[in-house]
Trainee: 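Structure in structure tokens, see below.
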Amino acid sequence: ASTPAPPPTSAAGSDAMTIPQFRKISTLVLPMEIPEAHVKSLTAGYTKRQASALIEQLMGGDFSAFQEITEEETVGF
């Protein structure tokens with residue numbers, strides 16, 4: 001019997017979000033004026049499936065994933 005491979009330590013494998021997916025997400029959030037650094041930190045470690053779900057959500061007009069960031073940042077100013 002072969003021993004199962006250990007689970008990956010990060011999503012940065014073949015299943016990781018692709019660069020075109022990241023660009024699509026960045027483009028979709030442009031109207032919200034979210035810096036690319038925030039987009040990167042929010043989507044760090046995303047799989048292709050997670051990125052795809054986020055793209056569909058954004059295309060449907062649901063920006064809740066990013067609104068949390070902007071609200072947290074404006075608190076205390």
Side-chain angles (χ1 to χ4, degrees):
S2 62
T3 51
T9 50
S10 76
S14 58
D15 199 38
M17 174 175 66
T18 65
I19 289 172
Q21 282 181 311
F22 176 76
R23 287 195 185 125
K24 181 75 174 173
I25 292 166
S26 297
T27 303
L28 287 166
V29 298
L30 275 177
M32 294 184 69
E33 297 181 1
I34 294 168
E36 191 173 300
H38 284 320
V39 181
K40 273 186 178 153
S41 66
L42 188 85
T43 58
Y46 266 36
T47 62
K48 287 177 192 168
R49 185 174 290 156
Q50 286 173 306
S52 179
L54 180 58
I55 289 166
E56 284 180 26
Q57 187 181 321
L58 294 169
M59 288 177 81
D62 179 359
F63 295 94
S64 57
F66 290 95
Q67 282 165 346
E68 290 165 22
I69 291 177
T70 51
E71 282 168 19
E72 282 172 24
E73 292 208 332
T74 52
V75 172
F77 282 107

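When reading the values below, keep in mind they use all heavy atoms of this one structure, side chains included, and skip hydrogens, waters and symmetry mates.
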Trainee: Does one hydrophobic cluster hold both Leu58 and Ile19, with members joined at side-chain heavy-atom distances below 4.5 Å?
Mentor: no
Trainee: Return the minimal non-hydrogen interatomic distance between Val39 and Thr43, and the atom names on each side.
Mentor: O-OG1, 2.7 Å
Trainee: Please round to the nearest 0.5 Å and tell me the distance separating atom CG of Asp15 and atom OH of Tyr46.
Mentor: 14.0 Å
Trainee: Between the side chain of Glu56 and the main-chain N/O of Ala53, is any donor-acceptor distance below 3.5 Å?
Mentor: no
Trainee: Which distance, rounded to the nearest 0.5 Å, do you find between the CD1 of Ile34 and the CG of Leu42?
Mentor: 8.5 Å
Trainee: Do any side-chain atoms of residues 21-31 form donor-acceptor pairs under 3.5 angstrom with protein atoms, and if so which ones, sequence neighbours left out?
Mentor:
residue, atom, partner, partner atom, Å
Gln21, OE1, Thr18, N, 3.0
Gln21, OE1, Thr18, OG1, 3.4
Gln21, NE2, Lys48, O, 3.1
Ser26, OG, Phe22, O, 3.0
Thr27, OG1, Arg23, O, 2.8

